[in-house]
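Indexing begins at 1, ligand by ligand and atom by atom, following the structure's order. Values below: every heavy atom of this structure, side chains too, minus hydrogens, waters and symmetry copies.
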Amino acid sequence: MAPKREKDRRIITCLQCFKPQEVLPNHLLRVCMKGQTDEERKAEVDRAKTSMKAWTLRGRTWDYNAMVKRYPDEASRQALLEELRERHFLILNDPKDAQAESSHRPPDAAKHAQSTLEDCQRVLRASQEDMFGIHRKLMDQQHVEEEQRTMFRYFCEAILVLIYFQRPEAVRAFTASDWINKTNVDGRIHMELQSTKQSATLSLTEEDSAMLETYFTKIRPECLQESVDDQGRFFLSKQGLPVVNVTSDLRRLHEQYDLPSFSSQQARRAQSTMPCSSSDEPANERRVRKQKRGRGAADQADRDFGAFLLQFPATASSSPPTKKKRTAAGFPPDRVFYDRWRAVQLAKREEHLLSQCSRRPPTISKVSLLIKKEVWTGNCPRPKDVVAKWKPFTRMQVESDPWIITTIQNQKWTGLALKDFGTKGQGVVATKAFAMGSIVCDYHGKVITGAEGRKLVQTIKGDMGYLFFFHAAGRDLCVDAETFPCECHPTENSMGRKINHSSKRANLSPVHCMMNFPEGQRDVILFQAKRDIRLCEELLFDYGVKRKSFRGEAMTLDWLDD
Ligand SMILES: C[S@@+](CC[C@H](N)C(=O)[O-])C[C@H]1O[C@@H](n2cnc3c(N)ncnc32)[C@H](O)[C@@H]1O
């Protein structure tokens, strides 16, 4: 029987003797800090709590696949693996488990013997391959049976219960908002379960997080129904109702794989009380494992994903390596690298599509059209994902963007119209919505730089006609705003120069760029949307006019985010 422990007591490691203590203050008082003051002991307790918290946040789960990548040497890796097992770390994708699957204990034996963590987590390993298959199908937007979707949800619930030791109640109460507010810290996904009575912080591996994300983005939205109150919960039934019984879900997952069922309580008990030492493994099982793990498998395990990518470059247009090709090249026959390869390709394809809509965010129909033009048979990005990933330009993209370069030359900016604003004269309005970060147009005119520009900056104050910018890129430069229409476009309305001033309602920022024109680089002032601009809104920028008596317009330029 498991030793009696108070229900929610947290074990904290004493940083003096490095032994875990149930009641650290008492331990310090009696043993490690006997002769010291209460304040010193209190400070020590705080120090130990902080250390424990940091350890919990960093996680105690190691992924064997990540270890293979980091420690290609088989012998050192095995030594590390043994050490970690002895210290009761949780090893994901442990090669030891793969062989243990077929020889699981019958239900009765599991009831009587104290369950190990491996027993409790067996269902995750047994179902992993199937779940990756469902994950892949969902990513490919292929049809996934209702039953498989439900199993995938059970699997995600089981991850939280059996790997992260959450109580069924906490999993039930887990909300979409908890998930949305997660953060990535050094490759671990930190998430606060705010909705539980005692808020808990989980530190998920990227792999586990990817499964939950797939549920969240591909399965959950299909369950949402307008007439059903989902209470903002993360896990929903196919009717869109919050899941009620996580324990039953777990049991059904076990039944599906013909495995004895393990409860969350058993998993927590196994985690806190059962050693998970390699010596638990019967000698004959170990031998069988060694025999099964032939030289080929060891070699495969030593190869990392980087080598896989070198062998099979993942570009937007490349075909995925078939199982035959993967195995012929000495890589594992399973789909772990294959799946990662497809994820890399998907990202490249999204990048490729986004590069064709760099100036402004695309619409879903535009992305769908772009995808149609490609000859991709599978692994197609979803238009709405592409739209969601659109980001404002980086400086480098802007400076070489062919559309912007051409449009500066021909002054045919789209989505802009002149409007009469009475006392302030004409102004420019948006005839289409511009998303924050979009390049709207340029401030057209001859740019005067160097000594001449500096002289103008110093002497021209008070003269109308020059919109002068100073200290752009560490230099003084002015734009001739007097010659209108400009010499290069005598018949065109240069929209940028018709934009009125507002310091409070400015929706554009002037930014300085060195545009890469075919004839060479040139200074250009572009207007970038400071925020989303609505249809029919007047475009305004801050002229930088500080005093009424000052008749010129001056400003320091912003920089585009790199
Ligand atoms: C670059 S032009 C803008 C276009 C100008 N409204 C026109 O009709 O040609 C700058 C001039 O517009 C007028 N202007 C711009 N913003 C204004 C404002 N907020 N209020 C009044 N006049 C303004 C001023 O006469 C200013 O010198």
With Arg172 via side-chain hydrogen bond (donor to acceptor under 3.5 Å, both in side chains) - residues at least two apart = Glu169
Does an N or O from Lys424, backbone or side chain, lie closer than 3.5 Å to an N or O of ligand 1?
-> yes
Side chain, backbone, both or neither: the part of Thr423 lying under 4.0 Å from ligand 1 by heavy atom = neither
Contact atoms of ligand 1, heavy-atom distance to Arg497 under 4.0 Å | 1 (C), 2 (S), 3 (C)
The one among Glu538, Arg505, Lys419, His501 that brings a heavy atom closest to atom 16 (N) of ligand 1 | His501
Got a sec, which residues hit salt bridge (Lys or Arg N to Asp or Glu O under 4.0 Å) with Lys182, two or more places apart in sequence or on another chain?
-> Glu213
Would you say the ring centroid of Tyr215 lies under 6.0 angstrom from that of Phe155?
-> no
Is there a donor-acceptor contact under 3.5 Å linking the side chains of Ser365 and Ser368?
-> no
Can you list the atoms of ligand 1 that are under 4.0 Å from a heavy atom of Gln426?
-> 4 (C), 5 (C), 6 (N), 7 (C), 8 (O)
Say whether Lys498, considering both its backbone and side-chain N or O atoms, lies within less than 3.5 Å of an N or O atom on ligand 1.
-> yes
Taking the six-membered ring of Phe517 (Phe, Tyr or Trp), confirm whether the NZ or CZ of Arg522 is under 6.0 Å from its centre and within 45° of its axis.
-> yes
